[in-house]
Amino acid sequence: MPRHLLEIDDLTPAEISLVLDYAQNPASQQLRGKGAALLFEKPSNRTRNSMEMAIMQLGGHPVTIRPDEVGLGKRESTGDIARTLSCYHAVIGARVFDHATVKELADYATVPVINMLSDSAHPLQALADLLTIQQEFGEFEGIKIAYVGDSNNVARSLAIASGMVGMNFRVASPEGYEFSDSDIKRIQRTGTEILQTRDPNEAVEGVDVIYTDVWTSMGQENEREGRLKDFSAFTVTDDLLQKANNKNIFMHCLPAHPGEEATREVLDGRSSRIWKQAENRMHSARGLLMFLLTEGTE
Ligand code: CP
Ligand code: NVA
């Protein structure tokens, strides 16, 4: 049975550590002569480019596919598409709206399926974030991370990942944009304490890492006006960073909307590690592929 990565806790903490090691080792040629299908229901800059380059570095050939090209769930069922792509490719990546779609692909595929972002999870981003934090601090144990903004797909995967590696996670979101009770339980199952607050100042007090993401995710565009109002007190500013540990770093998965979730000064400032994070998308994707192709069968 192939191993899949639909959410970050499909890996164990030891496996995450292995993926991060692979990410920092030279590329193998494990995909030589093989294909990798990358299916996108939503736009992408980092994910498409980092995955294509990681596949190329491993000797493989990426085939990027838009849903209208295969008619996902319309011209052909999602399951039949997964079975067909498994005939040609050693791995399938999918960026989808409904998390159930990536699950369905995994149910039918005979090769590993990687969630390249769904409405509920972004495990590839969490791996790049962990790699960036590990490179910065050398370890995870005791590192405090505060996420300020929408408790969205990126925040959920980051929170679970943080708990799995022993970081302390805090989240500040406005009313109505918090993690659900089941999210909190899932995060707590990793063994971490999670502080959920409506006050960004409380969340960032003394932390090592401040993280944010867009207020309006892909697919929520019709909520944008309301969200701009609801999140207006949640912009990450230089003043907010002052409340953190003086060696703090600022992270953002990107794309950014300067002046909304973070100011341009913060995005370009001394604490910012956003370009390192973007670069690490490629290294961590390569590490994950090496892991799945080497050890990823059950
Ligand atoms: N962070 C991230 O996933 O970026 P893209 O949406 O551009 O792929
Ligand atoms: N939360 C954002 C992340 C983009 C990488 C979205 O889903 O649009």
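Atoms within a ligand are numbered from 1 in the order they appear, just like the ligands themselves.
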Is a salt bridge present between [X] and [Y], judged by a nitrogen-to-oxygen distance below 4.0 Å?
X: Glu178; Y: Arg198; result: yes
X: Asp150; Y: Arg156; result: no
X: Asp80; Y: Arg83; result: yes
X: Lys103; Y: Asp107; result: no

*asked:* Quick check: Tyr177 with Phe231 (ring centres under 6.0 Å apart)?
replied: yes
*Test salt bridge (charged side-chain N to carboxylate O under 4.0 Å, His left out) on Asp119 and Lys42 and set out the steps.*
CA-CA 10 Å; Asp119 283 348; Lys42 299 180 182 187; 2.6 Å; yes
_Polar contact flag, side-chain donor to acceptor under 3.5 angstrom, Asn280-Gln135_ = yes
*Considering residues at least two apart in sequence or located in another chain, which fulfil the side-chain contact (heavy atoms from CB on, under 4.5 Å) criterion with Ile184?*
Phe179, Gln188, Ile194, Gln196
*Could you pull out all residues at least two apart from Thr64 that satisfy side-chain contact (heavy atoms from CB on, under 4.5 Å)?*
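With neighbours one apart ignored, the set is Leu38, Phe40, Arg48, Glu52.
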*When you look for protein heavy atoms under 4.0 Å from ligand 2, which residues do they belong to?*
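Only Leu117, Asn152, Asn153, Val154, Asp213, Val214, Ser217, Met218, Leu254 have heavy atoms that fall under 4.0 Å of ligand 2, ordered by chain and number.
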*Neighbouring residues of ligand 1, heavy-atom cut-off under 4.0 Å*: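 Those residues closer than 4.0 Å to ligand 1 by some heavy atom are Ser44, Asn45, Arg46, Thr47, Arg95, His122, Gln125, Cys253, Leu254, Arg281.
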